[in-house]
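Reading through the structure tokens given below for one structure.
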Amino acid sequence: MTQYVGQAMPRYDGIGQVTGTTKYVDDIVLPGMLYAKCLRSPVHKGIIRHLDLSAAERTPGVVGVLTAQDVPGQNIYGASGDQPVFNPDHIRYKGERIAAVVAVDEDTCMEALEKVKLEIEEQEPVFDMFEAMKPGAPIVRPGTTHNLHEYMPGMTTRVIKLGDVEQGFAEADLIIEGRYQTTQQDHAPIEPHVSVAYLDPANRLVIHTVSQCLYFHLSQLVRVFGLPMSQIRYIGGTIGGGFGGKNDIHADHVAGLAALKFRKPVKYRETRREDLRYSGKRGVFVMEYKTGVKKDGRLVANHIKEYHDTGAYGGFSAYATEKCGMFASGPYWIPNILVEAKTIYTNKVVSISMRGFAIINGQSTMEIQMGKIAEALGMDPWELRFINAWRDGDMGASRYIVRGAGALEAMKKAAELAGVQLPAHLMAMSSRRR
Amino acid sequence: MKQQVLTFILNGEEVAVLVTPTETLLDVLRERLQITGPKRGCDDGECGACTVLLDGEPVRSCLTLALTVEGRTVTTVEGLMVKGELDRLQKAFYERGAFQCGFCTPGMLMVAKSLLAKNPNPSRDEIRSYMAGNLCRCGSYEEIIEAIQAVAAGEY
Ligand code: FES
Ligand code: FES
């Protein structure tokens with residue numbers, strides 16, 4: 001095995017990629033295959049008052065339609081178990097699926113969708129987290145009284161605590177504050193979301209998926225289909241880029257439900273436009289920092305208020321909020337840390353995982369804060385980072401002991417590559433000791 | 001919609017297929033002929049994953065109406081191998097790992113093929129500008145450029 005370390009090895013599946021023979025899910029075309037397209041909400045928030053699919057259903061070439069009533073199991077999916085496959089009543093974001101049309105081809109689906117009669121009583125949406133937290137703001141989740149995720153009943157702030165920040169601020173020579181926001185971001189893999197489903201001769205539901213996490217999704221799909229796990233063959237492994245976006249179900253529920261109802265192979269795929277507009281995104285984070293520092297550059301306290309916009313449903317966001325908070329003080333030893341983090345619902349598309357899930361949000365904002373601190377101290381930003389970088393045995397925000405620290409060595413290498421000559425006293429520092 | 005017979009040369013062989021006037025070349029290749037090398041990334045002319053050679057020139061098959069290729073020659077990634085041998089570009093992409101997910105690769109290879117046919121010794125900048133219409137979300141651009149340069153330098 002070790003003979004491969006440091007060697008460039010051709011990919012085991014690489015011949016398929018360069019000859020065009022690798023089968024991605026959209027490359028599967030089966031005899032008699034039907035296609036599905038979804039009816040999506042044209043409004044951000046509202047109540048469905050009337051839905052009439054009869055004209056769509058009568059369109060030549062249409063095999064049938066699917067609504068919430070056609071879900072044999074439970075009409076919920078998503079990492080938080082709160083998203084309807086087809087929304088039957090309270091719309092929470094623009095583009096939310098309401099129904100599907102299944103037909104011989106996608107053009108016929110589109111033609112049929114134009115004949116759907118849909119009446120929605122539009123309500124005022126809320127898009128900004130801070131607006132959503134104000135009293136009297138539109139309520140995103142029907143049946144609740146506010147827009148904050150509750151970590152436990154009544155607990156809307158997740159606290160991560162190390163030492164005592166007040167004491168830390170009392171010891172500090174300088175206190176620097178900063179407020180930073182990271183933006184929504186789409187994964188944009190070149191392969192759009194797609195699924196192919198059919199029943200095999202043993203009557204098992206076979207689904208070809210672009211899922212990045214088969215077992216998470218299988219457990220959600222079992223519930224939607226009302227089938228035991230042994231009745232589903234969930235086939236994945238070849239995807240045209242995911243970047244965390246395919247950690248959520250985007251197509252398998254619709255294709256699977258259609259295959260179950262019409263007992264024919266069904267392909268359901270999103271267009272690039274649908275993917276960009278309506279699929280989950282990296283959520284917005286707002287990070288408010290108050291950092292105490294000694295004149296010699298030692299960080300002594302970091303108080304962080306974190307706000308994470310989860311969009312219309314929970315997704316993985318509560319977990320992401322915690323994770324961001326844990327790492328939002330960067331790879332630095334700070335004896336006193338207080339993180340107060342909130343996860344907030346708005347009428348936007350759902351926030352989902354994306355590369356460096358939630359960690360890079362807090363880490364990048366902390367690095368901006370470090371720049372600001374260096375400026376305030378009149379200190380070289382390299383020096384500030386070297387002084388505070390984790391050494392083995394330091395402790396992180398959630399009280400983990402740091403082992404195998406490497407920030408100093410990474411910075412030395414970065415300086416070398418960037419052609420920066422670091423002073424000898426920084427070059428002498430090591431992650432093994434302070 | 002009324003179907004018409006379309007006849008063209010696909011990867012060296014004459015094919016005849018029934019198509020409707022609104023179908024694109026990508027639709028016909030992928031859905032009717034099951035030539036799935038060219039990928040549908042955007043269906044909108046943005047990504048280049050659907051690129052094929054039409055009489056030797058790279059075109060976006062998602063923007064090319066199928067009926068316009070009547071009597072013409074279309075080459076897809078499936079047509080790059082000659083007598084079971086990988087094309088030099090395929091070999092270089094494979095050995096140098098010029099992809100991660102591989103979804104952009106069929107399009108990249110076709111554009112690179114056309115570049116080397118016109119300019120057997122392109123500079124790095126010439127490669128970059130010729131390939132600018134093909135997106136690789138995985139970010140394999142460096143390896144793609146190096147693979148093309150290696151082929152140009154006669155390493156394959
Ligand atoms: S699919 Fe043709 S350019 Fe993207
Ligand atoms: S290798 Fe994934 S898009 Fe290029």
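Only this structure's heavy atoms are used, side chains among them; waters, hydrogens and symmetry mates stay out. Proteins get letters first, then strands, A, B, ... in listed order; numbering begins at 1 in each. Values in this document were obtained by computation on a predicted structure and should not be read as measured data.
Across A:Gly241 and B:Cys101, no two heavy atoms sit closer than the pair N-CB, 3.3 Å. B:Tyr94 approaches A:Gly14 most closely through the heavy-atom pair CD1-C, 3.6 Å. The two residues B:Arg137 and A:His187 have their closest heavy-atom pair at NE-O, 2.6 Å.
More than 12 non-hydrogen atoms from other residues, nucleotides or ligands lie less than 6.0 angstrom from NZ of A:Lys261. A:Lys94 NZ: 12 or fewer foreign heavy atoms inside a 6.0 Å radius. Few gaps surround OH on B:Tyr156; more than 12 heavy atoms of other groups in view lie less than 6.0 Å from it.
Residues from residues 18-32 of chain A that place a non-hydrogen atom less than 4.5 Å from a non-hydrogen atom of chain B comprise A:Val18, A:Thr19, A:Gly20, A:Thr22, A:Lys23, A:Tyr24, A:Asp26, A:Asp27, A:Val29, given in numerical order. Within residues 74-87 of chain B, the residues having any heavy atom less than 4.5 Å from a heavy atom of chain A are, in residue-number order, B:Val77, B:Glu78, B:Met81, B:Leu86. At a heavy-atom separation below 4.5 angstrom, chain A is approached by no residue within residues 112-121 of chain B. Within residues 45-64 of chain B, the residues that have a heavy atom under 4.5 Å from a heavy atom of chain A are B:Cys47, B:Ala49, listed by number.
No salt bridge links A:Arg11 with B:Glu143; every basic N to acidic carboxylate O contact stays at or beyond 4.0 Å.
Neither the backbone nor the side chain of B:Asp43 comes within contact range of chain A; no heavy atoms are under 4.5 Å apart. Interface remark: B:Arg96 contributes no atoms to any contact with chain A (heavy atom separation under 4.5 Å). Residue B:Gln34 touches chain A through its side chain alone, counting heavy-atom pairs closer than 4.5 Å. With a 4.5 Å cut-off on non-hydrogen atoms, A:Ile239 touches chain B through its backbone but not through its side chain.
If you take CD on A:Gln17 and CZ on B:Phe99, they are separated by 5.0 Å, rounding to the nearest 0.5 Å. For the atom pair CD1 (A:Ile15) and CZ (B:Phe93), the distance works out to 13.5 Å, reported to the nearest 0.5 Å. Between the CG atom of B:Leu135 and the CD1 atom of A:Ile190 there is a distance of 5.0 Å, given to the nearest 0.5 Å.
With chain B as the partner, the residue from A:Arg273, A:Met33, A:Arg269 showing the most heavy-atom pairs under 4.5 Å is A:Arg269.
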